[in-house]
Amino acid sequence: MTTSTNINIIAKNTMGSLERILRLLRHRGFNVTFFQANRCELEDGLNITVQVNTERESSNIFCQLNKLTDVVEVNMNYQQKLRSCLGDG
Amino acid sequence: MRGADYLIKVLKEHGVDTIFGYPGGAIMPVYDALVESGIKHILCRHEQAAVFAADGYSRSSSKLGVCLATSGPGATNLITGIANAYMDSIPLLAITGQVPSNLIGTDAFQEVDIFGLSMPVVKHSFLVTSIDELPNAIYQAIHIANEGRPGPVLIDIAKDVQQETIQGITVEVPKAQIDISDKETIAKVVELISAAQKPLFYAGGGIELAQACDSFAQLVDHLQVPTVTTLKGIGAIPSDSSFNLGMLGMHGTKAANNAVQACDLLIAVGARFDDRATGNLEHFAPNAKVIHFDCDPAEINKLKEVELQITGELNHALQSIKDASAINNGKHYQAWLNHCQQNKRKLSFKYNHPGETIYAPALLNRLSDITKDKATIITCDVGQHQMWVAQHMAFNHPAEHLSSGGLGAMGYGLPSAIGAQFANPSARVINVSGDGSIMMNIQELATLIRYQLPVKILLLDNQRLGMVRQWQHLFFENRFSEIDLSDNPDFSMVANAFGIHAKSISKADEVENALQEFIHNDESYLLHVSIDPDENVWPLVPPGKSNSEYIEENCS
């Protein structure tokens, strides 16, 4: 079943940072239906809002985005199972 | 100081003393800086071989592997090797020259957007177009390649940056962060293991990457829990350990696959539930709760739902569990252990193969026996011989067995042996290859001679692309397509032409003497072994099937 997910990303505005985020979403099976990037308070940072459609489990993309060196923070409206990246241990 | 000199200086400060590469126009300032730098540069004969050699150097030494190439074709030739390091999480620094910054984006001679091209297969990458960016890029690249889950990092440096004088250097030196598992999590692991009737360790390559093999082997011995390994996990505990049931998965041992299907607690350590290991995931370890140790949170719950996750530093976590556990947890799973060990004995491989032809599994098993006299590293290419090595040779440590796991890149074996020999000059390094794979980087025979490396090559020649033939036989109704290599060159003559000793054998009674001569020769040596083209790798779990549905020779 296709689900729609909103993702907010704070990222450093370094060379290729947007490209890396979009590439990751595409490769992991997420279809971008909305994308907006604005400069943000973080020094030379970007506040990115993405809406994606996917038939994949959404929680894993949270972890994959968090792994990108340029990404500072990820928030998703899909809260279930986010513990998998944030849990203790 | 030029940017190129600064690059070399920082590499030396980080302990880099060996670089594998190939020069060209856009990287010439760096090659100039290498002269009299004290860094040993190894000239491979293809950039792909240089990056594979850097990978083999890293895997066999746990150091950062470094490779160097020029722009355009030099850089694109690195891609397969970078992808190989990415798939197997190998710390690798790939440095490429780029056309001068004012020409980037103009389709200049030998200009390729390697920054963009490599993006899917690097952990991170830098394109340096200003001298001010260079120091942070180098320091961060080395840090990122090594920290957490290791991986390849690319630095693409415009030629003018390499030549420009660097002044007023300020660097943000990245700090290593160590995540330590809390006591509560450790206690939960101990509780789950204590409650299990049929616990099983599933050991992957992450154990060696975390340099936690000793801690892991000690924990296995302490808990007396049977263990299966992935291809990259081979050696995480010694092959001859009574707790080691062998490799799981598509070509895994029957004892290992049976244990996974029967266990009630699967403890994955530095393993990522790869499809070649799990078979049909829905039916993988169907009765088991799963505990997953992995420093990469993105691996947790990626493919298999877990009961408990441990992302903290692995040595600390394993030692803490050992300290908190009773020996064998009161022996309440002794019956399970006995069952697994009996299975291992009962279902072990047999080597009494009839006929005069050479049976590759028996030959490899014998090679394994006679190379115990000194430190030996085996590097593999990809195909049937790779699986036979994993099945029939014994290893005491993962760094003794270098194999292209995730990517499965033919041509990996010979260059990685070169890298391993440089990292381990006194070790016996043997590349076990096939007649398909060896031709992918055959030019590296010249590198063996140039540096007088005593690398041995055991070439198993079935005049076929054997694994593809096996699949066409089993799954495509014997419709053989483009697998016939019966017009191979005379491999002994090829080796001789490069100045390398060689011998060809084709009969079983020639094996013993040939192997003795092979391993005791002090120089590089190619032993060409003709084997039966119709031989297959058994057992085999057909794609899409459960690991319990393996097929064997009499089923084909």
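Being a predicted model, the structure only gives us computed values, none of them experimental. Protein chains get the first letters and strands the later ones, always in sequence-line order, with residue 1 at the start of each.
- Although no hydrogens or angles enter the test, the distance criterion places no donor-acceptor pair under 3.5 Å between the side chain of A/Asn6 and the main chain of A/Thr49.
- Looking at B/Ile207, B/Leu265, B/Ile267 one by one, the single match for side-chain contact (heavy atoms from CB on, under 4.5 Å) with B/Phe201 turns out to be B/Ile267.
- Residues satisfying the side-chain hydrogen bond (donor to acceptor under 3.5 Å, both in side chains) criterion with A/Asp44, sequence neighbours excluded, are A/Arg39.
- The part of B/Phe115 that comes within reach of chain A is its side chain, from C-beta onward, which places non-hydrogen atoms under 4.5 angstrom from that chain.
- Smallest separation of non-hydrogen atoms from B/Ser181 and B/Gly312: OG-CA, 3.4 Å.
- Proximity to chain A among residues 134-147 of chain B is limited to B/Ile144, judged by heavy-atom separations below 4.5 angstrom.
- Side-chain atoms of B/Gln319 never come within 3.5 Å of backbone atoms of B/Ser215 as a donor-acceptor pair (strictly under, hydrogens ignored).
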In residues 23-35 of chain A, what donor-acceptor pairs under 3.5 Å come from side-chain atoms, sequence neighbours left out?
residue: A/Thr33; atom: OG1; partner: A/Gln51; partner atom: O; Å: 3.1
residue: A/Thr33; atom: OG1; partner: A/Gln51; partner atom: OE1; Å: 3.4

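- Your options are B/Lys302, B/His124, B/Arg149, and the one with the most heavy-atom pairs under 4.5 Å with chain A is B/His124.
- In this structure A/Lys67 satisfies the side-chain hydrogen bond (donor to acceptor under 3.5 Å, both in side chains) test together with B/Asp296, sequence neighbours excluded.
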